[in-house]
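Quick one: this structure, given as structure tokens, is what I'll be asking you about.
In each ligand, atom 1 is the first atom listed, and ligand 1 is the first ligand listed. Counting from 1, the numbers follow the sequence of the chain as shown.
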Amino acid sequence: MPALTPEARRFIEAEANNRIGWGSQAISSGQARLQDALAGNDPTAIQQAAEKIREGVLQLQSGSAALRAIAAGIAPRQLALAWFKDQTGVQSAVPIPAASGSWGLSWYHLTMMAFLVAFLVGALLVQYARMRKIGSLVQRLTPLSPEAGPNQPPNNSTASTSSAAASPAATNPAPAIATRPWTGGLRVAAIFRETADVKTFRLSRHESGPVPFTFLPGQFVTFSAKIADKEIRRSYTIASSPTQRDFIEITVKREEQGLESRYLHDHVAVGDTIEVSGPYGNFTFSGTESASIVLISGGVGITPMMCVLRYLTDRSYPGDIFFLHGARAARDFIFREELEYLEKRHANMHLVATMEETEESSWPGAVGRISKAFIAQAVPDIAWRRVHVCGPPAMMEAVKKQLLELGVASEKIKTEAFGPAQGRPPAPPTQQPAAASRAPADMAPEQPSPTAAVVALPTAGTTVEFTSSGKTAPLGPDQSVLEAAESIGVEIDYSCRVGTCGICVVPLTAGKVTMEVEEGLPPAEKARGMILACQAKSVGSLVVEA
Ligand SMILES: Cc1cc2nc3c(=O)[nH]c(=O)nc-3n(C[C@H](O)[C@H](O)[C@H](O)COP(=O)(O)OP(=O)(O)OC[C@H]3O[C@@H](n4cnc5c(N)ncnc54)[C@H](O)[C@@H]3O)c2cc1C
Ligand code: FES
């Protein structure tokens, strides 16, 4: 239609108008004839009149359709088809495209098939991901089968019964996973004496079943107790393996003047309830981090190493495990029997220990403190290995220095400090710290040099304002934000007080702080301006949300 010349268009319009005219006339004359035929009661005449009217209607429709088509620009062929369908009542069929694609199929078919295949693959992938998720959930929630649990060491009268390795026939227990911290009461199920001043406390649920949280080897829990009218909290490493689900064990050294450790040793009995929260901590090793591990401990610092060792042997870790321990004397060597048993049983476990005191003729091993030569002799190629260190502060500092001298990169050295539970953390280092985990903290939110912060003189009248409680405390240069808060009765939750658990985290809204240890503060939290109250110190005034 758009291609019609103006003359052709005028011709069609004239023809259409003629038809409309003829049609109208035919209808009029048909009506007149019909009246006469009806009056004369002549059936044949009635039939002819109706025929005339029908012809007129058709002419009228034809003309008006042509005019509408011209006005709307519809092609004559399409118009004819529409007229034909209208007259015959035939519906249009779906046009079948010609086969122009591959394998004798049209592109239409190929596209539809590709779409269906893609849909099927997508559905299969979703199903596969769902099955994997369900699988890992079942693995997490299913308690370990008895045969997968650890064996008992022979004649192990003092060592905890959670110890020792899985039998070669046993299948590997499930890998350790840490759940979110849980808080509640656990029942003292058993108490084992390890040495003269060390006891192991086995804790389980009051009702039967697994302990209500899972943890990674090396993590700790926090005990809360009211002792001498004082609410106190102390952290204790879980020494038992995460593969043991029915209980956890913590091994505690009795401190002569210590509040919690004396309470545990002297007053707590089987059947008592201990308020526990956890697990916490990043001083963990579950075997996937490196192909071998060196565990160096002093005194009661053996507890996280014991947990790691028990777990690795339960899981048939294939790498070398070098276990180096230092104690005062052989009688203070915690877990000695169990360690010797595990060494005999596992070819990849290498145990060496050294005793400071030598009065006992029964000790066949090395004598003296852990030294560089002792480490080098015990561990071949130490420079390439990951090392965990835990023990008294002086021993840890010395061992870290020796490891650096032996060529171990600082990021391969992981440490955990056990205290102090009360008072101040260890003094800031005077030189570049040895291990990455003890690197001097920088500032939040701004980051001036840590050295500058250490040597800077305090400004007179330095304070810390606690906005939530509306109180302000004086802040000495050696005082932590936590200590300042405690001095005026502002409550900030805490546990380890050594910068590892992350419980004392608070937002700093103004000022700059240094933090000596910040293992418990994820970098993302630090970037948001959070600080560890137990570590944060400042020579300028601060505003803290607490
Ligand atoms: C992450 C982590 C894990 C830990 N894991 C373990 C573990 O597995 N096993 C373990 O035994 N400990 C562990 N500790 C240490 C534990 O938390 C406690 O610090 C320890 O038991 C001492 O607590 P306490 O209440 O008995 O002593 P506190 O009352 O806190 O006293 C601390 C120290 O000060 C001394 N002291 C206190 N009062 C006086 C006084 N008036 N005069 C002189 N000296 C005094 C005490 O003898 C003690 O040495 C861990 C600590 C941390 C941070
Ligand atoms: S109390 Fe544990 S990090 Fe501060």
Judged on heavy-atom distance to atom 6 (C) of ligand 1, which of Phe418, Phe223, Tyr280, Tyr263 sits nearest?
Phe418

Please identify each residue that fulfils salt bridge (Lys or Arg N to Asp or Glu O under 4.0 Å) with Arg205, with sequence neighbours left out.
Glu207

When rounded to the nearest 0.5 angstrom, what is the spacing between OG1 in Thr354 and CD1 in Ile375?
11.0 Å

Test your reading of the model: is there a side-chain donor-acceptor pair from Arg233 to the backbone of Thr222, 3.5 Å cut-off?
no

Applying salt bridge (Lys or Arg N to Asp or Glu O under 4.0 Å), name anything that partners Glu340, two or more places apart in sequence or on another chain.
Arg336

Which one of Arg328, Arg254, Arg262 satisfies the salt bridge (charged side-chain N to carboxylate O under 4.0 Å, His left out) criterion with Asp197?
Arg328

Going from CD on Glu194 to CE on Met306, what distance comes out if it is rounded to the nearest 0.5 angstrom?
9.0 Å

With backbone taken as N, CA, C and O and side chain as the heavy atoms from C-beta onward, which portion of Val498 lies under 4.0 Å from ligand 1: side chain, backbone, both, or neither?
side chain

Surrounding CD of Glu356 (heavy atoms of other residues, nucleotides or ligands, distance under 6.0 Å), is the total greater than 12?
yes

Below 4.0 Å, non-hydrogen atoms only: which portion of Ile250 touches ligand 1? Side chain, backbone, both or neither.
neither

Have a look at Arg234, Glu249, Glu416 and point out the one with the heavy atom closest to atom 28 (P) of ligand 1.
Arg234

Is there a polar contact, in the sense of an N or O pair closer than 3.5 Å, between Arg262 and ligand 1?
no

Any side-chain heavy-atom pair of Val498 and Val517 under 4.5 Å:
no

In ligand 1, the atoms that come under 4.0 Å of a heavy atom of Lys253 are 11 (O)

Could you tell me whether Arg234 sits above the aromatic face of Tyr263, with NZ or CZ closer than 6.0 angstrom to the six-membered ring centre and within 45 degrees of the axis?
no

Could an N or O of ligand 1 be found under 3.5 Å from any N or O of Glu256, whether backbone or side chain?
no

In the protein, N/O/S atoms that are found under 2.8 Å from atom 4 (Fe) of ligand 2, waters not counted
Cys504 SG, Cys534 SG

Using a strict threshold of under 4.0 Å (side-chain N to carboxylate O), is an ion pair present between Glu275 and Lys226?
no

At a 4.0 Å threshold, what atoms of ligand 1 neighbour a non-hydrogen atom of Val252?
11 (O)

Going by the 4.0 angstrom heavy-atom rule, the piece of Arg497 near ligand 1 is neither

At the 4.0 Å heavy-atom cut-off, does Ala417 count as touching ligand 1?
yes

Please identify each residue that fulfils ring pair (Phe, Tyr, Trp, His ring centres under 6.0 Å) with Phe283, with sequence neighbours left out.
His388

Between CG on residue Leu521 and CD1 on residue Ile531, distance to nearest 0.5 Å:
9.0 Å

Numbered atoms of ligand 1 (with element) below 4.0 Å of Thr303, judged on heavy atoms:
7 (C), 8 (O)

As a check for students: among Ala239, Gly301, Gly258, Ser235, identify the option with a heavy atom nearest to atom 27 (O) of ligand 1.
Gly258

